[in-house]
There are 2 protein chains.
Amino acid sequence: MATGRTHRPATRSRGIPEATVARLPLYLRALTALSERSVPTVSSEELAAAAGVNSAKLRKDFSYLGSYGTRGVGYDVEYLVYQISRELGLTQDWPVVIVGIGNLGAALANYGGFASRGFRVAALIDADPAMAGKPVAGIPVQHTDELEAIIRDNGVSIGVIATPAGAAQQVCDRLVAAGVTSILNFAPTVLNVPEGVDVRKVDLSIELQILAFHEQRKAGEEAAAEGPLPAAGAARKRSADQGPDGDVPAVMPA
Amino acid sequence: MATGRTHRPATRSRGIPEATVARLPLYLRALTALSERSVPTVSSEELAAAAGVNSAKLRKDFSYLGSYGTRGVGYDVEYLVYQISRELGLTQDWPVVIVGIGNLGAALANYGGFASRGFRVAALIDADPAMAGKPVAGIPVQHTDELEAIIRDNGVSIGVIATPAGAAQQVCDRLVAAGVTSILNFAPTVLNVPEGVDVRKVDLSIELQILAFHEQRKAGEEAAAEGPLPAAGAARKRSADQGPDGDVPAVMPA
DNA sequence: ACTTGTGAAGCTGTTCACAGCG
DNA sequence: CGCTGTGAACAGCTTCACAAGT
């Protein structure tokens, strides 16, 4: 669905569904683990279990990429790793800047998952002059004044915002003005960006609130005695709750 | 972002769609901001803009909660704040434990968004004996040995895992065995949990990979073919052609 | 006149079940 | 045989557009 271009008319483009794109990294991780164990091939059933999805979904997802499997056998691990990496754009180098080097920013800078997948932390930026020059994860922090120059000099197109909420929009505007077209936002605020810029958000408190909602329901079902809410009735026994699952889109509009 | 629950007909929690539940925290945040500015009422159009969604969706979402608006007028801010808070279960106190006090764990412990929404950090737990007793965000870190006792003594039902991937499943098992039924997982691994336990995951590298996918798509505008990529090499593209909007991912028109 | 609340339509994503092929 | 790949049915979510209220 992300193939833009079409606005209202049916998007009959050759695009990969957004839900599928969101799962590719999951498959890739599972495949990488298999690769490290030198497993040559894997069936949709096995791989699906490792990724925490069901096999029909996985096969459908892969069918959007092409016919990379062998009937009666399964998928070639190495080949799939390459195909998915290519599809995700991980065969190239993505310089990334992290703005806001507090606890979270530092955690991100130290996070190994970035470097291992083609993402290179090109610079750490913070508004606090006292931070300037101080190394975090082996990279010296630079002052916000340098932001535009850093973006341009390194050809950065992906920015990570880990600042307090109050500074996020301003930082976002500067990143976009300097040429960044994809932003990962950790600040608990809605960012306004021009069309053509992608924003994904990660909001810690929202995740907890969603858990609280479900937690509250569990409590209510058990002790259905003192419920102020009318409802529930005989709650059907719920099925499993296993691995992770697809997700709700997080790309926001301008 | 991510969702726990899986392989299930996506039971609509007490009639409220999961997608709606995921947006309630967003509305709540926008409403809280309005409340602090003493704004008495707000229209679906205004609130939707503040939350970054469209108004039809917002009205539909609220319709699942009940008829809390007034036609021709809008919604009463305070009343809505209360209703949504209640629906999300935020009118009660949720003791939370954070396991794994590295950079990320520390960032979470310091994150203000927790305390302000009914979440109380009951304890910080780490496997490193050297960390024991050391205060982080004003709370002394306790050793993993104490995990079970802490969970039981504090009636904790929500746990946050911020350990390395290798330790996550083990920590998860112990949390669940001790009574935790909701888990927010930051470790890049798929957790297996018994039925009835909710898991939501936040995976930093997955978010970046999704952005990379869209970023790559932006770059190859016309060349839609599956051209062979020059494998290695310091591929650096991104020539800021900020002009003709080729239009990209975009999810919805403003 | 203004804005909510909601059937209905349209779209996206998931699951089923089996044809197709090694 | 076993396993992939996929049309078709199904389910859930979003958007539309207007009736219903104030």
Side-chain angles (χ1 to χ4, degrees), chain A residues 1-3 6-13 15-24 27 41-49 51-77 79-80 83 239-240 244-253, chain B residues 3 5-13 15-24 27 40-49 51-77 79-80 83 249-254:
Chain A
M1 67 75 80
T3 28
T6 40
H7 277 297
R8 195 39 29 96
T11 311
R12 45 156 29 188
S13 60
I16 299 174
E18 187 61 29
T20 294
V21 172
R23 282 187 294 268
L24 291 182
Y27 301 144
T41 62
V42 65
S43 70
S44 64
E45 202 69 52
E46 296 167 318
L47 184 54
V53 304
N54 75 50
S55 64
K57 193 185 287 184
L58 178 143
R59 287 199 303 278
K60 189 65 138 182
D61 283 341
F62 285 178
S63 78
Y64 293 118
L65 307 183
S67 290
Y68 295 149
T70 305
R71 294 171 202 243
V73 178
Y75 300 91
D76 181 274
V77 173
Y79 187 56
L80 247 194
Q83 290 299 344
S239 327
D245 175 4
D247 160 19
V248 182
V251 184
M252 309 191 285
Chain B
T3 191
R5 28 173 323 149
T6 21
H7 310 171
R8 149 173 52 156
T11 310
R12 290 210 328 212
S13 309
I16 300 179
E18 188 60 30
T20 293
V21 172
R23 281 188 295 267
L24 291 181
Y27 301 145
T41 62
V42 65
S43 70
S44 63
E45 202 69 52
E46 296 168 315
L47 184 54
V53 304
N54 75 48
S55 63
K57 193 185 288 183
L58 177 143
R59 288 200 301 279
K60 191 63 142 183
D61 283 341
F62 285 179
S63 78
Y64 292 116
L65 308 183
S67 289
Y68 295 151
T70 304
R71 293 171 201 241
V73 178
Y75 300 90
D76 181 274
V77 173
Y79 187 56
L80 248 194
Q83 290 298 344
V251 174
M252 39 187 179

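First the proteins, then the strands, lettered A, B, ... as listed; each starts at 1.
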What N/O pairs connect the protein and nucleotides 2-4 of chain C at under 3.5 Å? Give each pair on its own line.
from  : atom 1 : to      : atom 2 : distance (Å)
C:dT3 : O4'    : B:Gly72 : N      : 3.1
C:dT3 : O2     : B:Gly72 : N      : 3.3
C:dT4 : OP1    : B:Ser44 : N      : 2.4
C:dT4 : OP2    : B:Ser44 : OG     : 2.5
C:dT4 : O2     : B:Arg71 : NH1    : 2.9

B:Tyr75 ring center within less than 6.0 Å of B:Phe62 ring center: yes
side-chain contact (heavy atoms from CB on, under 4.5 Å) between A:Leu65 and A:Gln83, intermediate numbers included: CA-CA 8 Å; A:Leu65 307 183; A:Gln83 290 299 344; 5.6 Å; no
Nearest listed nucleotide, side chain of A:Arg23, among C:dT6, D:dC13, C:dT14: C:dT14
Closest listed nucleotide, where the reference is the side chain of B:Asn54 and the choices are D:dT15, C:dT15, D:dG5: D:dT15
B:Lys60 NZ to D:dC13 P, straight-line distance once rounded to whole Å: 12 Å
Closest approach of A:Ser44 to A:Leu58 (non-hydrogen atoms, all atoms of both residues): CB-CD2, 3.7 Å
Side-chain touch B:Asp76/B:Tyr68, heavy atoms, less than 4.5 angstrom: no
Rounded distance (Å) that lies between atom C1' of D:dT6 and atom CG of A:Leu58: 14 Å
Atom pair distance, as rounded to whole Å: NZ in A:Lys57 and C1' in D:dG12: 12 Å
Verdict with supporting geometry, B:Val53 and B:Leu47, side-chain contact (heavy atoms from CB on, under 4.5 Å): CA-CA 9 Å; B:Val53 304; B:Leu47 184 54; over 6 Å; no
Value in whole Å for how far the C1' atom of D:dT14 lies from CD of B:Glu18: 16 Å
Set of side chain to side chain contact (heavy atoms under 4.5 Å, CB included) partners for B:Ser63, sequence neighbours left out: B:Lys60
